[in-house]
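Shown next, in structure tokens, is the structure this report addresses.
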Amino acid sequence: MRQDWRIIGLFVGGVLILGAVVGGPLLYSIKLSFYAAESFIAPPRWVGLDNYLAAIKNPSFWAALMNGLVISIFAIISQVVLGVSIALVLNRQFVGQTIVRALSIVPYFLPTVVACLIAQWMLDPNYGLIKSVLASFGSSMFDWGANSATAKGTVVLVSVWIWTPFVVTCVLAGLQTIPAQLYEAARVDGAGALKQFWHITLPGLRSVLIVVILLRGIWMFNKFDVIWLLTKGGPLNQTETLPILAYRRAFLEFDLGGGAAVATISFLLLASIILIYLRFFPIDEAKQGR
């Protein structure tokens with residue numbers, strides 16, 4: 001009994017610490033969004049909903065929202081498709097399977113700064129690796145950061161490179177739980193690889209994919225470091241997302257209330273999207289279906 005109480009105490013303490021670490025800044029940010037403040041030292045001035053109205057009326061807010069949605073959607077689709085494909089290959093028996101599985105998750109352990117610096121070096125229009133390769137074939141290198149489409153594409157590609165291993169790990173674990181007897185029975189019935197994937201593999205991975213897409217959606221929508229390190233929201237704010245906009249408002253334009261308002265609206269939008277997503281794709285029903 002004493003040991004049980006210790007475990008309960010540790011669990012409750014962990015929840016309280018997590019609530020303070022996460023909930024404290026969140027509540028402070030929401031409170032700050034109703035004030036006009038130029039710094040954390042100067043006394044704030046109550047402005048009510050003015051920061052929210054100013055954010056919604058600003059075209060840059062809607063442009064940042066659209067940029068975030070576009071980058072998130074393309075990155076999530078690419079990560080899931082590529083991650084499932086790699087996991088299906090790694091799930092087969094072959095020589096050196098353990099080593100290949102270990103190597104497949106190496107990018108996930110790279111610090112984001114290192115991954116972005118490598119990408120910048122490879123894509124540099126003056127002395128990058130890709131420029132050298134193209135020059136050997138007589139082609140020229142264009143400035144990837146000067147075009148909206150290529151800048152967004154670079155953010156998506158780097159995100160796919162870093163976080164696809166997370167999808168691979170989750171999907172590979174899900175594949176291990178699908179009974180092999182189902183595939184054997186399907187082969188006996190004459191089902192090909194495509195039918196086996198559609199009627200056995202996908203239903204078996206439903207709960208895993210629901211959680212993976214949800215987590216990757218949350219992380220990509222809130223992504224700051226990759227975009228800031230690669231493009232800083234450029235060119236001409238074409239890769240600026242809501243987290244970048246909130247940072248710029250608060251710490252570069254010294255409008256803490258306006259930045260907090262953008263962050264709060266982003267939080268509410270993301271929470272609404274999550275609720276709608278779980279309404280259409282409930283995790284409990286997915287587990288029961290398996």
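Nearest heavy atom pair, residue Ser148 against residue Pro235, reads N-CG, 4.1 Å. In plain terms, the two heavy atoms of Leu270 and Asn222 that are nearest each other are CD2-ND2, 3.2 Å. Considering every non-hydrogen atom in both Ala37 and Leu32, the closest pair reads CB-CD1, 4.3 Å. Taking every heavy atom of both residues into account, Val160 and Ser78 meet most closely at CG2-CB, 3.5 Å. In plain terms, the two heavy atoms of Ser33 and Asn51 that are nearest each other are O-ND2, 2.8 Å. Closest of all the heavy-atom pairs between Ile71 and Val156 is O-CG2, 4.0 Å.
Note that the NZ atom of Lys31 and the OG1 atom of Thr264 stand 13.5 Å from one another [nearest 0.5 Å].
Side-chain atoms of Tyr35 and Leu256, non-hydrogen and from C-beta on, never get closer than 4.5 Å to each other. For the pair Pro243 and Lys223, the minimum side-chain heavy-atom distance is 4.5 Å or more. For the pair Val47/Tyr52, no side-chain contact is recorded, criterion being any heavy-atom separation below 4.5 Å from C-beta on. Arg248 is not listed as a side-chain neighbour of Val262, based on a closest heavy-atom distance of 4.5 Å or more. Using a 4.5 Å heavy-atom cutoff, the side chains of Leu269 and Leu65 are in contact. In this structure the side chain of Tyr108 never reaches within 4.5 angstrom of the side chain of Val168, judged on heavy atoms. With contacts defined as side-chain heavy-atom distances shorter than 4.5 Å, the pair Asn67/Leu242 does not qualify. Side chains of Ile178 and Leu175 form a contact here, defined as non-hydrogen atoms less than 4.5 Å apart.
No more than 12 heavy-atom neighbours from other residues, nucleotides or ligands sit within 6.0 angstrom of CZ on Phe267. Few gaps surround CG on Leu252; more than 12 heavy atoms of other groups in view lie less than 6.0 Å from it. The number of heavy-atom neighbours closer than 6.0 Å to CD of Glu38, taken from other residues, nucleotides and ligands shown, is 12 or below. For CG of Leu27, the number of neighbouring non-hydrogen atoms (other residues, nucleotides, ligands) closer than 6.0 Å is greater than 12.
Side-chain N or O atoms of Asp255 include one that pairs as donor or acceptor with a backbone N or O of Gly258 at under 3.5 Å. Tyr277 places a side-chain N or O within 3.5 Å of a backbone atom of Ile210 that can act as its donor or acceptor partner. Thr177 places a side-chain N or O within donor-acceptor distance of the main-chain N or O of Gly174, the cut-off being under 3.5 Å.
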Under 3.5 Å, side-chain donor or acceptor atoms of residues 184-199 against the rest of the protein: list the pairs with distances, not counting sequence neighbours.
unit_1	atom_1	unit_2	atom_2	d
Gln196	NE2	Ala191	O	3.1

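Think of Phe109 as one node in a network of Ile, Leu, Val, Met, Phe, Trp and Tyr side chains linked at under 4.5 Å; its network also takes in Ile105. Applying the under-4.5 Å side-chain rule to Ile, Leu, Val, Met, Phe, Trp and Tyr, the cluster around Leu229 extends to Val113, Leu117.
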Candidate pair Val89 and Val100, rule side chain to side chain contact (heavy atoms under 4.5 Å, CB included), full reasoning: CA-CA 10 Å; Val89 174; Val100 175; over 6 Å; no

Residue pair Thr154, Thr231: steps toward the side chain to side chain contact (heavy atoms under 4.5 Å, CB included) verdict: CA-CA 9 Å; Thr154 302; Thr231 66; 6.0 Å; no

Test log, rule side chain to side chain contact (heavy atoms under 4.5 Å, CB included), inputs Leu245 and Ser60: CA-CA 8 Å; Leu245 177 62; Ser60 62; 4.1 Å; yes

Full working for side chain to side chain contact (heavy atoms under 4.5 Å, CB included) between Ile56 and Ile265: CA-CA 9 Å; Ile56 294 175; Ile265 295 174; 4.2 Å; yes

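For an aromatic pair to be called close, the ring centres must be under 6.0 Å apart, and Phe166 with Trp219 satisfies this.
A single hydrophobic cluster is not seen to contain both Ile273 and Leu26; linkage of ILVMFWY side chains at heavy-atom distances under 4.5 Å, directly or through other members, places them apart. In the hydrophobic clustering of ILVMFWY residues, with side-chain heavy atoms under 4.5 Å counting as a link, Val81 and Ile162 come out apart. Grouping the Ile, Leu, Val, Met, Phe, Trp and Tyr side chains by contacts below 4.5 angstrom, directly or via other members, places Ile244 with Met66. No continuous path of hydrophobic side-chain contacts links Ile76 to Leu157 [ILVMFWY only; heavy atoms under 4.5 Å].
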